[in-house]
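Below, each value reflects all heavy atoms present in this structure, side chains not excepted, and no hydrogens, waters or symmetry copies.
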Amino acid sequence: MAPTVLIAGGSGYLGQFLVDKFARDGWNVAYTYNTSTPPPFPTNPTAFKVDFVTGEGLDACFSYLEDDESLRLDAVINCVAVSQPVYDGSKSFSKASDNTNPINEYGKSKLDAERTIQSQWPRNHAILRSSLIYGKGPPAASVGRSLFLQFVDEKLASGDQTSFFNDEWRSAVYVEDIIRVCKLLIEASLVSNDETEGAATKKRIRGVFNMGGPERLSRVDIARLVAEVRGYDAKSIVEVPSASVSRGVASPSDISMDVSNLENTLTGVLSALASGRSKVGKGGGTESGGTEEFAFTKFRDALHEIFN
């Protein structure tokens with residue numbers, strides 16, 4: 001049976017990619033949106049208008065999932081305000097096990113949400129701490145705000161002198177990698193009881209993981225890599241400190257992340273899933289040969305995929 005997934009924030013940038021991918025894969029997908037109209041996905045997944053500030057619309061969403069006996073909710077993915085940093089920015093490549101000390105209200109609310117999830121569902125959660133998310137434009141509809149990678153590309157293409165911070169570092173993460181992460185975590189949680197087919201039991205993964213790209217990049221670094229891949233003149237890139245702009249909210253200087261724990265965990269998932277597939281191969285054959293490792297995509301490689 002196809003998995004059933006509810007995606008909160010399905011009209012946002014990341015949410016649209018997840019809704020589109022899982023629906024195209026034949027999964028049962030429901031999602032929430034808070035725009036005037038739902039994004040026009042070609043697969044027509046089930047949409048619910050929900051205001052997460054007031055809670056309006058949530059009852060109808062949950063009633064639908066509870067009343068339809070043919071559906072069993074396998075996973076809920078929250079894509080609402082997912083990129084808020086919980087680290088204070090005082091060190092490079094923070095680990096998920098490091099102490100958290102958010103320096104603004106956005107980060108504090110994110111950390112409160114993490115703790116609530118851990119308390120309410122102690123055995124059944126995976127918390128993914130992301131950084132700056134980038135990729136192609138959203139698959140279904142505009143998200144009503146400027147996307148950083150597209151902003152950089154447009155500015156460099158114009159040749160206009162544009163300022164970029166040189167003293168804030170992030171582990172920019174490719175949206176396609178996030179899709180892979182979520183899919184693997186969900187597949188790992190779907191425990192098979194079909195012993196007659198010899199299917200391997202998949203263990204549910206829980207805990208807190210950093211989910212960023214493998215590199216520590218400033219906005220200047222990102223702009224220079226875009227210029228390199230796109231063939232733009234890098235002379236239009238102006239390096240400035242973050243203090244040169246008043247943003248009205250404190251921003252941590254370095255929220256680069258150590259993602260080795262998640263990479264190692266998902267390599268184990270791939271191995272277990274491959275083992276399970278090989279055991280149920282027809283005629284005693286196997287579907288998998290060799291060991292596959294999980295690794296986040298390097299920024300330059302992703303740019304070639306996005307723009308070419």
Side-chain angles (χ1 to χ4, degrees), residues 12-18 20-22 24-25 79 82-83 85 92-96 128-139 143 146-157 162 164-166 168-185 187 209-237 239 254-271 273-274 288-308:
Y13 180 69
L14 172 59
Q16 286 191 40
F17 278 95
L18 291 169
D20 187 64
K21 169 61 176 175
F22 293 158
R24 288 180 184 275
D25 283 353
C79 297
V82 294
S83 298
S92 303
F93 293 109
S94 296
K95 295 183 178 181
L128 305 171
R129 293 174 176 167
S130 68
S131 184
L132 190 157
I133 300 172
Y134 69 93
K136 296 181 179 180
V143 294
S146 176
L147 301 172
F148 182 68
L149 181 62
Q150 284 67 25
F151 166 80
V152 173
D153 185 61
E154 290 171 6
K155 287 296 184 181
L156 295 181
T162 305
F164 297 96
F165 297 154
N166 60 6
E168 288 189 353
W169 292 271
R170 304 292 185 259
S171 295
V173 59
Y174 190 23
V175 69
E176 297 293 336
D177 283 342
I178 300 178
I179 295 170
R180 288 199 300 150
V181 169
C182 292
K183 185 173 183 180
L184 284 171
L185 289 174
E187 288 177 340
F209 301 93
N210 284 337
M211 180 179 62
E215 299 142 311
R216 176 179 180 264
L217 301 169
S218 70
R219 287 173 174 80
V220 168
D221 295 330
I222 291 173
R224 292 193 179 281
L225 284 166
V226 171
E228 173 193 322
V229 170
R230 297 284 274 164
Y232 299 139
D233 188 348
K235 292 180 180 179
S236 63
I237 299 170
E239 297 190 32
D254 192 338
I255 51 171
S256 57
M257 298 184 291
D258 182 331
V259 297
S260 58
N261 187 25
L262 183 56
E263 287 185 326
N264 293 336
T265 298
L266 293 178
T267 293
V269 170
L270 284 166
S271 178
L273 293 175
S288 176
T291 301
E292 183 180 353
E293 294 186 356
F294 183 94
F296 285 100
T297 307
K298 292 184 177 180
F299 190 75
R300 181 185 283 106
D301 295 336
L303 291 181
H304 282 292
E305 185 174 316
I306 292 166
F307 290 120
N308 295 332

Tyr174 vs Tyr134 aromatic rings, parallel, tilted or perpendicular, using cut-offs 30° and 60°?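 Aromatic pair Tyr174/Tyr134 classed parallel.
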
So which atom in [X] and which in [Y] form the shortest heavy-atom distance, rounded to 0.1 Å?
X: Ser131; Y: Ala172; result: OG-N, 4.3 Å
X: Pro85; Y: Ile255; result: CB-CD1, 3.6 Å
X: Val152; Y: Ala223; result: CG1-CA, 3.8 Å
X: Phe22; Y: Cys182; result: CZ-CB, 4.2 Å
X: Lys136; Y: Tyr13; result: O-OH, 2.5 Å

Arg300, CZ: over 12 other non-hydrogen atoms inside 6.0 angstrom: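 No, CZ of Arg300 has 12 or fewer neighbouring heavy atoms, counting only those of other groups under 6.0 Å.
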
Can you check whether Ile237 reaches Tyr232 side chain to side chain, under 4.5 Å on heavy atoms?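 Side-chain contact under 4.5 Å: no.
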
Hey, are the side chains of Ser236 and Thr162 touching, using non-hydrogen atoms and a 4.5 Å cut-off?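 A side-chain contact under 4.5 Å is absent here.
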
Between Asn261 and Lys95, does a side chain to side chain contact (heavy atoms under 4.5 Å, CB included) hold up when you go through it step by step? CA-CA 9 Å; Asn261 187 25; Lys95 295 183 178 181; over 6 Å; no

Mark yes or no for whether [X], through its side chain, and [Y], through its backbone, hold a donor-acceptor pair below 3.5 Å.
X: Asp258; Y: Phe93; value: no
X: Asp20; Y: Gln16; value: no
X: Ser256; Y: Ser171; value: no
X: Glu293; Y: Asn264; value: no
X: Asn166; Y: Val220; value: no
X: Ser271; Y: Thr267; value: no
X: Asn210; Y: Ser94; value: yes
X: Glu168; Y: Arg219; value: no

State the [atom1]-[atom2] distance between [X] and [Y], to the nearest 0.5 angstrom.
X: Phe209; Y: Leu266; atom1: CZ; atom2: CG; value: 7.5 Å
X: Leu128; Y: Ile178; atom1: CG; atom2: CD1; value: 8.5 Å
X: Arg170; Y: Arg216; atom1: CZ; atom2: CZ; value: 10.5 Å
X: Asp153; Y: Leu147; atom1: CG; atom2: CG; value: 11.5 Å
X: Leu217; Y: Ile222; atom1: CG; atom2: CD1; value: 5.5 Å
X: Leu149; Y: Leu303; atom1: CG; atom2: CG; value: 6.0 Å

Could you go through the side chain to side chain contact (heavy atoms under 4.5 Å, CB included) check for Leu262 and Met211 one step at a time? CA-CA 7 Å; Leu262 183 56; Met211 180 179 62; 4.0 Å; yes

Residues Asp221 and Arg224 bridged, charged N to O under 4.0 Å: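 No, Asp221 and Arg224 are not salt-bridged.
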
Is it true that Glu215 and Lys298 make a salt bridge, defined as a side-chain N closer than 4.0 Å to a carboxylate O?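 Salt bridge between Glu215 and Lys298, a charged N being under 4.0 Å from a carboxylate O: no.
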
Between Asp25 and Lys183, is the side chain to side chain contact (heavy atoms under 4.5 Å, CB included) condition met? List the steps. CA-CA 11 Å; Asp25 283 353; Lys183 185 173 183 180; 3.1 Å; yes

Determine, stepwise, if the pair Val229 / Ile306 fulfils side chain to side chain contact (heavy atoms under 4.5 Å, CB included). CA-CA 10 Å; Val229 170; Ile306 292 166; over 6 Å; no

Begin with the C-alpha distance, continue with both residues' side-chain angles, and end with the deciding distance and a verdict on side-chain hydrogen bond (donor to acceptor under 3.5 Å, both in side chains) for Asp254 and Ser92. CA-CA 6 Å; Asp254 192 338; Ser92 303; 2.7 Å; yes

